[in-house]
Amino acid sequence: MTVTLKDGSTIQAEQGEKIIDVTKRISEGLARNALIARMNGKLVDLTRTIDEDCTLEILTFKDEEGRNAYRHTCAHILAQAVKNLYPDAKLAIGPAIKTGFYYDFDLPSPITMDDLPRIEKEMESIIKADLPIERSVVTRKQALTRMRGFDEIYKLQLIEDLPRGSEITLYTQGNFVDLCAGPHLMSTGKVKCFKLTQITGAYWRGNEQNKMLTRIYGTAFEKKSELTEYLNAVEEAKKRDHNKLGRELGIFMTDELVGQGLPLLMPNGAKLFQILQRFVENEEERRGYMLTKTPYMAKSDLYKISGHWDHYKDGMFLLGDEAMDDEVMALRPMTCPFQYLIYKNGIKSYRDLPCRYNETSTLFRNESSGEMHGLTRVRQFTLSEAHIICAPEHVEEEFKNVFELILYMEKCLGISDEISYRFSKWDPKKKTKYINNPKAWTETQTLMKKILDDLGINYVEADGEAAFYGPKLDLQARNVWGKEDTIITIQLDFAAAERFDMFYVAEDGTRKRPMVIHRSSIGSYERTIAMLIEKYAGAFPVWMSPNQVKVLALTDRTADKCKEIVSRLHALGIRATSDLRNEKIGFKIREAQLEKTPYMLIIGDREAEEDKVSVRARKAGDLGTMTFDEFATRIKNEIETFSLEN
């Protein structure tokens, strides 16, 4: 058999020879590091035999597929350990993920983080035993018989749902058998370093109508140093996690009496929200946007015209029963149809275009309970939203202006380096998800691609991620845990003008359809705040910090002077508070630092007498004594220039 390797070279193999044996003849070092292989484009175990001429690539931990197989094998070791310790546990699924692996269990009784060391010890015993991992192909009937024998109810469901004719494989290691497509490592002893990291709940198949299972997360590496580095990074992520830090800093809270996905912004969070909103609305006004304020709800009739009723109804909150009520209302999931009606209020000439309508929009989307998380995935959120209605020949220029606005916002927020770009396109196979107009899709996507290429954007393309009415550019960012979310979008809409009968009178006196650009500037305020908390670990730049200065009284004698300084700062538009408590100054400084306050002004007898302030910066520490005016000039310059220092 002729085996063609990745570099194009060939090697001869005996028919029926195992891949691992061929690998040893290529290189003993490669064989030691080999985890799985890609044969004729398909991922396979190293114990598979070569029965025909083929292409072959040996994969190690350096390859993503190799890492996935390594961690998937570790998930099976976890499942075997849990079954050994809890024989009545039922197995669900256990895949590899980007940061490691997990396995879902239906356990007879709850477990906690305190139980993980015991499970880890059992896993270590399984690894030390170096059990061979064997693959077997079985019929559907055989698979069902085996899983019924083990009373694995979730595996039975998975088998029943497999399409007829599917290849069904079982993997065995010692006394443990699992339904799995593979591939896997050759033995349990190939796993070197692992750590169980977390326990959470997870609905079977992600459906909240199903039973809540216990999900155990872990990670695995080839080297202990890599595992240590990863665990240290996780600890740093925990410190920056907005869901933890945002609560500690008084930015937001949640309460079960209010409900999931409905965070309460506390004073610091509300102030940060207000700062960002004023910044956005002022900048958009400067760029020619016209502010609107529209209702939070509307009749279903409006959403039927816009297409949301057909394509987005499951994600909306309905008020009323369609079967019983003449007038069903819905909370708005977006603002566009309202602004279209504003556009239609009066005939528009080509001279009136483009119409740029912006709104700070409170929106409502019926996210599933399993999706909700902190401020990043919520049921009520506020969007820096706008719709540009323009002549088709102005689309490119307007799109580029929008992109320039977003770049400016990114720069001021300090998040430019966090952003990647995704060109989200339609998928013609998903007929119910999208408006069925292939010609319009092709033309609009071609136009957007030209614009993106002209802008020199480094983007990836994603089929099936477009809005139902047109393609979009998604600005993506990862949170501290590596999960990617869409932060901002720019969308082209080829359908809205016709659906709402929008037109403008062209220069030749004829009526023409405009194009619509949907856009945000900083996205959802809640999600952006979450991103900023994690980016700055709560230590926001001065211009966006809820409290910019804390004035600390060194003694009771300087309390009145501190109050005066706070008043003078307020008069300059600088956010300031004071600490007049009868506490040691070191204690007051530490508290201000824990609150992430950018500047502390310490007022002793000498400072009060000379009308000076002793300045301490969050990063730089003691800056010495300066006059009040000198400090005011310094901080005002940082605020006005959107400085990201300190």
Side-chain angles (χ1 to χ4, degrees), residues 276-277 279-294 306 308 332-340 342-343 353-363 365 381-392 394-413 415-416 419-425 444-445 447-452 454-455 457 459 465-477 485-497 500 502 514-528 531:
L276 294 175
Q277 181 178 342
F279 163 62
V280 169
E281 289 183 352
N282 289 343
E283 184 60 31
E284 290 178 341
E285 183 176 20
R286 192 177 71 79
R287 293 176 185 245
Y289 284 85
M290 298 177 286
L291 190 65
T292 67
K293 188 70 175 171
T294 56
S306 68
H308 292 106
R332 64 181 184 182
M334 54 277 293
T335 308
C336 37
F338 299 89
Q339 292 188 334
Y340 300 156
I342 291 174
Y343 175 86
L353 302 186
C355 285
R356 305 183 188 99
Y357 297 119
N358 67 310
E359 184 165 333
T360 303
S361 309
T362 300
L363 305 176
R365 298 186 184 174
F381 61 97
T382 308
L383 190 63
S384 58
E385 193 171 15
H387 298 90
I388 301 167
I389 303 170
C390 62
H394 296 147
V395 169
E396 289 190 47
E397 180 184 0
E398 290 300 315
F399 191 105
K400 291 174 181 178
N401 288 342
V402 167
F403 189 68
E404 194 278 326
L405 167 63
I406 291 172
L407 290 182
Y408 175 74
M409 296 288 182
E410 287 179 17
K411 176 175 173 288
C412 292
L413 295 175
I415 60 173
S416 301
I419 302 297
S420 61
Y421 300 96
R422 183 180 74 186
F423 176 21
S424 295
K425 306 189 298 183
T444 311
Q445 288 185 172
L447 173 60
M448 181 174 276
K449 179 171 175 54
K450 177 183 181 303
I451 295 170
L452 299 182
D454 286 348
L455 286 167
I457 298 172
Y459 60 86
E465 294 296 332
F468 71 82
Y469 46 72
K472 58 191 174 108
L473 176 67
D474 291 321
L475 281 72
Q476 305 289 107
D485 281 309
T486 299
I487 302 298
I488 300 167
T489 63
I490 314 174
Q491 307 169 5
L492 294 187
D493 188 337
F494 58 76
F500 281 86
M502 292 188 285
M515 279 285 285
V516 176
I517 301 174
H518 304 245
R519 54 111 284 213
S520 181
S521 51
I522 66 167
S524 156
Y525 284 90
E526 289 82 2
R527 188 171 286 183
T528 297
M531 183 180 179

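Predicted model only: the values in this text are computed from it and were never measured.
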Scan the side chains in residues 279-289 for donor-acceptor partners under 3.5 Å anywhere in the protein, sequence neighbours excluded, and list what turns up.
residue, atom, partner, partner atom, Å
Glu281, OE2, Gln277, NE2, 3.2
Glu281, OE2, Thr360, OG1, 2.4
Asn282, ND2, Arg278, O, 3.1
Glu283, OE1, Arg286, NE, 3.3
Glu283, OE2, Arg286, NE, 3.2
Glu283, OE2, Arg286, NH2, 2.5
Glu283, OE2, Arg287, NE, 2.7
Glu283, OE2, Arg287, NH2, 3.2
Glu284, OE1, Asn358, ND2, 2.8
Glu284, OE2, Arg519, NH1, 3.2
Glu284, OE2, Arg519, NH2, 2.5
Glu284, OE2, Ser521, OG, 2.9
Arg287, NH1, Glu404, OE1, 2.3
Arg287, NH2, Glu404, OE1, 3.4
Tyr289, OH, Arg519, NH1, 3.2

Euclidean distance, [Y] [atom2] relative to [X] [atom1], rounded to 0.5 Å:
| X | Y | atom1 | atom2 | result |
| --- | --- | --- | --- | --- |
| Leu475 | Met409 | CG | CE | 13.0 Å |
| Ile488 | Thr528 | CD1 | OG1 | 6.0 Å |
| Thr382 | Leu276 | OG1 | CG | 11.5 Å |
| Phe399 | Leu492 | CZ | CG | 6.0 Å |
| Asp493 | Thr444 | CG | OG1 | 8.5 Å |

Note to self: According to side-chain contact (heavy atoms from CB on, under 4.5 Å), who are the partners of Ser416, at least two apart in sequence or on a separate chain?
What the structure shows: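 Partners of Ser416 under the side-chain contact (heavy atoms from CB on, under 4.5 Å) test: Glu410, Lys411.
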Check: Listed by chain and number, what are the side-chain contact (heavy atoms from CB on, under 4.5 Å) partners of Glu397, not counting sequence neighbours?
Finding: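 Per chain and number, Glu397 pairs via side-chain contact (heavy atoms from CB on, under 4.5 Å) with Asn401.
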Is the shortest side-chain heavy-atom distance between [X] and [Y] below 4.5 Å?
| X | Y | answer |
| --- | --- | --- |
| Met334 | Leu383 | no |
| Phe468 | His308 | yes |
| Ile490 | Ile406 | yes |

Margin query: Using the rule given for side-chain contact (heavy atoms from CB on, under 4.5 Å), can you reason through Phe423 versus Ile457, listing the C-alpha separation, both sets of side-chain angles and the distance that settles it, and then say yes or no?
Written below: CA-CA 10 Å; Phe423 176 21; Ile457 298 172; over 6 Å; no
Next item on the list: List in chain and number order the residues that pass ring pair (Phe, Tyr, Trp, His ring centres under 6.0 Å) with Phe403, two or more places apart in sequence or in another chain; answer none if no residue qualifies.
Entry: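 Per chain and number, Phe403 pairs via ring pair (Phe, Tyr, Trp, His ring centres under 6.0 Å) with Tyr421.
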Notebook entry, point to check: Taking only residues two or more places apart in sequence, or in another chain, which ones meet Phe338 in a ring pair (Phe, Tyr, Trp, His ring centres under 6.0 Å)?
Noted result: none
Checklist line | From CA spacing to verdict: salt bridge (Lys or Arg N to Asp or Glu O under 4.0 Å), Glu359, Lys293 | finding: CA-CA 6 Å; Glu359 184 165 333; Lys293 188 70 175 171; 5.3 Å; no
Checklist line | Check against side-chain contact (heavy atoms from CB on, under 4.5 Å), Tyr357 and Glu385 | finding: CA-CA 9 Å; Tyr357 297 119; Glu385 193 171 15; over 6 Å; no
Notebook entry, point to check: Do the side-chain N and O atoms of Gln476 and Ser420 include a donor-acceptor pair separated by under 3.5 angstrom?
Noted result: no
Check: Do Ser520 and Ser384 have side-chain N/O donor and acceptor atoms under 3.5 Å apart?
Finding: yes
Item checked: Which residues share a salt bridge (Lys or Arg N to Asp or Glu O under 4.0 Å) with Arg356, sequence neighbours left out ->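 With sequence neighbours excluded, Arg356 shows a salt bridge (Lys or Arg N to Asp or Glu O under 4.0 Å) to Glu398, given in chain and number order.
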Next item on the list: Check the pair Tyr343, His387 against ring pair (Phe, Tyr, Trp, His ring centres under 6.0 Å), reporting the backbone distance first and the verdict last.
Entry: CA-CA 10 Å; Tyr343 175 86; His387 298 90; over 10 Å; no
Check: If you take all heavy atoms of Ser361 and Thr335, which pair is closest and at what distance?
Finding: OG-OG1, 2.8 Å
Next item on the list: Taking only Lys NZ, Arg NE, NH1 and NH2, and the carboxylate oxygens of Asp or Glu, determine whether Glu465 and Lys472 approach each other closer than 4.0 Å.
Entry: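 Judged by the 4.0 Å cut-off on N to carboxylate O distance, Glu465 and Lys472 do not form a salt bridge.
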